[in-house]
Amino acid sequence: MIEGFSFVNKDILIPVFIGGLVLFGSYFYKEWVTRKQGNFSINIIVALLTIAALVILVLEPTREVEINDHQGILLSEGFNVQQRDSLLSLNKGLKVLKYNPKKSIRNQLDSLTTVYVLGEGIKPFDFSRFNNIAVEYFPAKIPLGITQLTYTKKISLGEKVEVIGSYNQPVNGSFLVFEDSRGNGLDSIQFVESSFTDFTLSGSPKASGNYVYQLSEKDSAGVVINSNPLPIEIKQKQPLRVLILNNFPTFETKYLKNFLSEEGHEVVVRSQLTKGKFKFEYFNTTSLPVYQFTDEILKQFDLVIADADTYFSFGSTIKNRFEKNIRENGLGVFIQPSDFIFNRSASWSYFRFNRDDIKELQILNSTIALEKYPYEFDEEFLVSPIIVGDGKTIAAYKQMALGRVATTTLLSSYQMLLNGSGQTYKSIWTKILDEIAKPKIVPVEWKPETQIPKVDEPFDFSLYTNQQEFAVIDEDSVRTPMLQKLMVPTHFTGTIYPKKTGWQHLSIDGDSTSQFSFFVYDSVDWKALSSTQNIVLNQKKFKTDVNKNKTVISNRPVSPLLFYILFLLGVGWLWLSPKVSIER
């Protein structure tokens, strides 16, 4: 490269240069053969200049330009007029720009060294435009409405949807209603204060499929003030194959097996009566007595639930076989606790505990006091929480290669059923099962990267697969280009620009089982939530103090007009030269 000059398309510099040499060589050979006609030297020089002009036009040259402290002010939605006027009065000559995420401002930013951003800020997909510019951000006020929201976007049929969020300055006496796809109210709260309010709503879907629920704000007369969609993907629950092992029948197992069978899981219960003699019970499955724990037997189950006395009484051969299936086949194991497990070493029992002498606590979003053993998980040990109560982990798992081993500090979970807290009991065990059961092997795993996709805005997604040759298509069979991660060859990323709202789908061409569903929102949906998230992201992006650059070196495009003229004149001469030679 010549110092101070570069090219926009420098990635193809070598192939274009080689192509130019081949083209020049071909013309040189043609002129050499007909050199007796005259103008050989002139034609060669003209051909060289013409081809060079063509190569430069393809590569699009740029040159380095010094830009001295040019400042601008970028106005985004919700900006403060007083802040704008103050900046304009203090900084004469500020260039005023209006931000529109659907229009490029690249050329306008090219001449600036410092930008004052006012309002809700820049969309994350435009952040890269500001990497070489000093930015000072003046955020807008947090808007009125729902500013924080989390909810269960994908559930299995029979599970509960929980919607948790915060509302900034609601209207006193108004209602927030969680509605199903038909407009039926599932849960609601009434705002009694006009300040920042947290809320939790829930409901149980009745059918599987892709649905659009609503979170509606209504006044005291029931008139809808505002409504926003909550897309929920509800799948049929896949039954698990569960093996329960007990030294003797217990109340804990009695209620647990009833719960599992009512949920449609296939359950085999083995209770020891005397040495070498067992009682078997079967729910939703055919008779399958389990006397030995061979690899073939263990591979048939997704989850094993065993009391601590039973599991840790196995000899090393059987215990090693369990651990082999946990590591290699993803088998899940849940150990029902007893005093036995809390007084053993972590290398023997998988977990490390500390005595806390607390015998009761409440789990999150529940007022029920649950009995527990006077121990807590040592969270510095390698465990992952499943259930948390009063700031303490009361159920956790340990990852072992492909599988997981879990336990709890709860004393008797069935007491929740006796106290009328059946929903809490169901919620606890559903979370435990979902976390530790053997994972279903799927050829393709999808993950949305953009949380609130909107029309004509980029929707980023990731795809994980062992396939190396595949095509991602949309509902209209249009292919989406995919980019493979260099360090993780099974990880691919893609970006699309949705053109319509509602449920949309992507899939692997030729594989109908690989469908990925996502919901595209209208531009007016979740306005306060989107604005709040954008403000937070901008504050994080531009949190450092502004560093005003007095001189910036910027690559500016070189006008192609001169090269166009040179190319046209050269082509004209090369076309005319043979005719002039013939006439002579």
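Index from 1, following the sequence.
Using a 30° and 60° split on the angle between ring planes, F459 and F518 fall in the parallel class, below 30°. Ring geometry for F127 versus F542: interplanar angle over 60°, hence perpendicular rather than tilted (30 to 60°). Between W503 and F519, the ring planes are perpendicular. Angles over 60° get that label, and only those under 30° would be called parallel.
Looking only at atom types and distance, the side chain of S174 has no donor-acceptor partner in the side chain of D219 under 3.5 Å away. Side-chain polar atoms of T409 and E376 form no donor-acceptor pair below 3.5 angstrom.
Identified under the ring-ring contact (aromatic ring centres under 6.0 Å, His included) test for residues 136-178, with sequence neighbours left out: Y167-F191, F178-Y213.
Side-chain contact between L112 and L97 is present, with heavy atoms from C-beta onward closer than 4.5 Å. When side chains are defined from C-beta on, T465 counts as touching F492, because their heavy atoms get closer than 4.5 Å. A heavy-atom distance below 4.5 Å is found between the side chains of F353 and T407. Taking the side chain as every heavy atom from C-beta outward, S413 and W429 approach each other to under 4.5 Å. When side chains are defined from C-beta on, F516 does not count as touching L463, because their heavy atoms never get closer than 4.5 Å.
Counting all heavy atoms, side chain and backbone alike, N210 lies closest to S517 at ND2-OG, 3.3 Å. Heavy-atom minimum distance, Y425 versus F259: CE2-CB, 3.9 Å.
Ion pair K372/D356 flagged as a salt bridge, since at least one NZ, NE, NH1 or NH2 atom sits closer than 4.0 Å to an Asp/Glu carboxylate oxygen. The pair K426-E262 fails the salt-bridge criterion, with no side-chain N (NZ, NE, NH1 or NH2) lying under 4.0 Å from an Asp/Glu carboxylate O. Residues D522 and K454 are not paired through a salt bridge, judged by the lack of any N-O separation under 4.0 Å between the basic side chain and the carboxylate.
Note that CD of Q533 is 4.5 Å distant from CD1 of I452, once rounded to the nearest 0.5 Å. One distance of note links CD1 of I432 with CZ of F334; it measures 4.5 Å at 0.5 Å rounding. Distance CG/L410 to CD/E252: 8.5 Å, rounded to 0.5 Å. Of the inter-residue distances, the one linking L260 atom CG with N284 atom CG reads 9.5 Å to the nearest 0.5 angstrom.
Residue K206 places its NZ atom among 12 or fewer non-hydrogen atoms of other residues, nucleotides or ligands, all under 6.0 Å distant. In this structure, Y497 places its OH atom where only 12 or fewer heavy-atom neighbours from other residues, nucleotides or ligands lie under 6.0 Å away.
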Output a table of donor-acceptor pairs, distance under 3.5 Å, between side-chain atoms of residues 230-242 and any protein atom two or more places apart or on a different chain; print 'none' if there are none.
unit_1: Q236; atom_1: NE2; unit_2: S208; atom_2: OG; d: 3.4
unit_1: R241; atom_1: NH1; unit_2: E266; atom_2: OE1; d: 3.1
unit_1: R241; atom_1: NH1; unit_2: T285; atom_2: OG1; d: 2.7

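Across T197, T147, D198, a single residue satisfies side-chain hydrogen bond (donor to acceptor under 3.5 Å, both in side chains) together with S166, and that is D198.
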